[in-house]
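Quantities reported herein were computed from a predicted structural model and do not represent experimental measurements. Computation of the quantities below employed the complete heavy-atom set of this structure, encompassing side-chain atoms and omitting hydrogens, waters and symmetry-equivalent molecules. Quick note on labels: first sequence line is chain A, next is B, and so on, each numbered from 1.
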There are 2 protein chains.
Amino acid sequence: MKSSVIASSNPKYSREKLMEAATTLFANKGFAAVSIRELALAAGTNSGMISYYFGGKEGLYAEVLESQFKAFFCALVPILKNETDTMQKIKKFSQTLSSLHKEFPCIMRLYYSELTNPTACFETVVKKYIAAGAKMLENTIAQGISEGNIKKNLNPSYSALALAGMLNYYFIVQPVSDGILPDSPKRDEEYLEEVLQIYLNGVKAK
Amino acid sequence: MKSSVIASSNPKYSREKLMEAATTLFANKGFAAVSIRELALAAGTNSGMISYYFGGKEGLYAEVLESQFKAFFCALVPILKNETDTMQKIKKFSQTLSSLHKEFPCIMRLYYSELTNPTACFETVVKKYIAAGAKMLENTIAQGISEGNIKKNLNPSYSALALAGMLNYYFIVQPVSDGILPDSPKRDEEYLEEVLQIYLNGVKAK
DNA sequence: GTCTATATTGCGATAGAC
DNA sequence: GTCTATCGCAATATAGAC
């Protein structure tokens, strides 16, 4: 029984395998700390395939980022477009953002890596998605103000950023918060509930 | 006029010069993306000095982290130890944290780099400082609850994390928020004021 | 489409002159 | 305490067999 068909050299799948392996490796170690040998090994192929499919390590990284950010924001965008009232929108948005992190376990690390140690992709891919997401949330809050549900002395962009901060920071600080926060199995839900209580109570008019 | 005395080879200063150069380089590019040649060039010395003083690149990085975190937290700790009431403490803490970022422009990037792409230093230096800081803030909030100033159904560690998130996220997201937030010269102060308004209003009892 | 083998460059660390 | 020179190794990328 030779390694003829099912072996590591499974035609046409190297590309997908490389994308998968690269997503977790780049997310966990950062672009510079990952070698193409390591990527190829984790994908069950060889380093030549990275040049063949992506034109090199940078090309693979760029495609990982674009793919992750696109999928994440495509799942998030529809939330703020439905018909419920503003406070419900904010609540639903936060819940969705929170649950999406389980579906996209790598996106936060990829995002924060680009924030702290930007590569060329920061300008070409990260910025556009984040700016679009921020604008959406900002508009929702502005709408809440004009409807009289949210304090009118608040600045929508600052308030949007404050909410994003409470949610995003939680998911990146997990490696240190494991020794600090209650180790409840429903920790994510508990935190989300508490954040929403503080935030909604803090911004609501009257 | 030879380069005899004042030249790049200024005795006994290589160590300090390396520490300074390494702080900004590691903060901006991350540990793996910086070479010892680059460090030496920026410090006006040679790569041999890194092994001589720090035992290698990792040793230099470890000393940079320890030095930055120690100085930062030493400046922050006294704030929560004075006698004012809880709400004032939280306000003062936030203001100090905010202003310290101007004094320590590298600390956030070093911190977030370790959060997203941890090195050995995450366990040995970062974790202890962050855990201590988090505990302090948590205790302050717990005190506010027992005094009746803060809602008693809130969890002190979650609430502390929420505040830290609003503040810390703001400073790391700056590269993308430049195109989003109002470009007021007093942006930091405006954001801080708004965050405090939302947070204090959101957590206060009754 | 995949693999092995290799060319070339740059890395971190060190030895030894001054 | 500092510098130059260099060693050994691992990096990315590519050429060419299958």
Side-chain angles (χ1 to χ4, degrees), chain A residues 1-65 113 117 119-121, chain B residues 1-65 113 117 119-121:
Chain A
M1 173 147 105
K2 284 180 178 171
S3 62
S4 52
V5 186
I6 54 162
S8 64
S9 63
N10 222 334
K12 241 179 164 313
Y13 285 97
S14 284
R15 195 180 208 286
E16 278 88 326
K17 294 266 222 67
L18 276 169
M19 284 289 289
E20 279 176 49
T23 303
T24 64
L25 277 172
F26 282 138
N28 289 325
K29 305 178 67 172
F31 175 77
V34 181
S35 75
I36 57 169
R37 285 169 161 80
E38 193 178 3
L39 289 162
L41 184 70
T45 182
N46 63 85
S47 67
M49 290 293 92
I50 294 174
S51 289
Y52 179 75
Y53 281 118
F54 307 97
K57 184 182 157 184
E58 289 202 40
L60 171 56
Y61 180 69
E63 202 155 318
V64 163
L65 276 191
S113 281
N117 311 129
T119 69
C121 293
Chain B
M1 176 147 102
K2 284 179 177 173
S3 61
S4 52
V5 186
I6 53 163
S8 63
S9 63
N10 222 335
K12 240 177 165 319
Y13 285 97
S14 284
R15 195 179 208 287
E16 280 87 325
K17 295 264 223 68
L18 276 170
M19 284 290 287
E20 279 177 47
T23 303
T24 64
L25 276 172
F26 283 138
N28 289 325
K29 306 178 68 172
F31 175 75
V34 181
S35 75
I36 56 170
R37 285 169 165 81
E38 192 179 3
L39 288 162
L41 184 70
T45 181
N46 62 86
S47 66
M49 290 292 92
I50 294 173
S51 289
Y52 179 74
Y53 281 118
F54 307 97
K57 184 182 158 184
E58 288 202 39
L60 171 54
Y61 180 69
E63 202 156 318
V64 163
L65 276 191
S113 281
N117 311 128
T119 70
C121 293

A:F31 backbone acceptor or donor facing A:K57 side chain under 3.5 Å: yes
Rounded distance in Å - CG (B:L41) to P (C:dG10): 14 Å
Of the listed nucleotides D:dG1, D:dC3, C:dT2, the one nearest the side chain of B:Y53: D:dG1
Side-chain heavy-atom pair A:F26, A:L65 within 4.5 angstrom cut-off: no
N or O in side chain of B:S14 less than 4.0 angstrom from D:dT2 OP1/OP2: yes
Between D:dG1 (P) and B:Y13 (OH): distance, integer Å: 13 Å
Separation of A:I36 CD1 from A:L41 CG (nearest 0.5 Å): 12.5 Å
Any donor-acceptor N/O pair, A:S51 side chain to A:G48 backbone, under 3.5 Å: no
Spacing of A:K17 atom NZ relative to C:dG1 atom P, expressed in whole Å: 15 Å
Sugar-phosphate or base contact per nucleotide [nucleotides 12-18 of chain C; S, B, -; heavy atom under 4.0 Å]: BBB----
Positive for side-chain contact (heavy atoms from CB on, under 4.5 Å) with A:V34, one of A:L25, A:L60, A:N28: A:L25
Under 3.5 Å: donor-acceptor pair, side chain of B:N46, backbone of B:A40: no
Whole-Å gap separating P (D:dC3) and CZ (B:R15): 16 Å
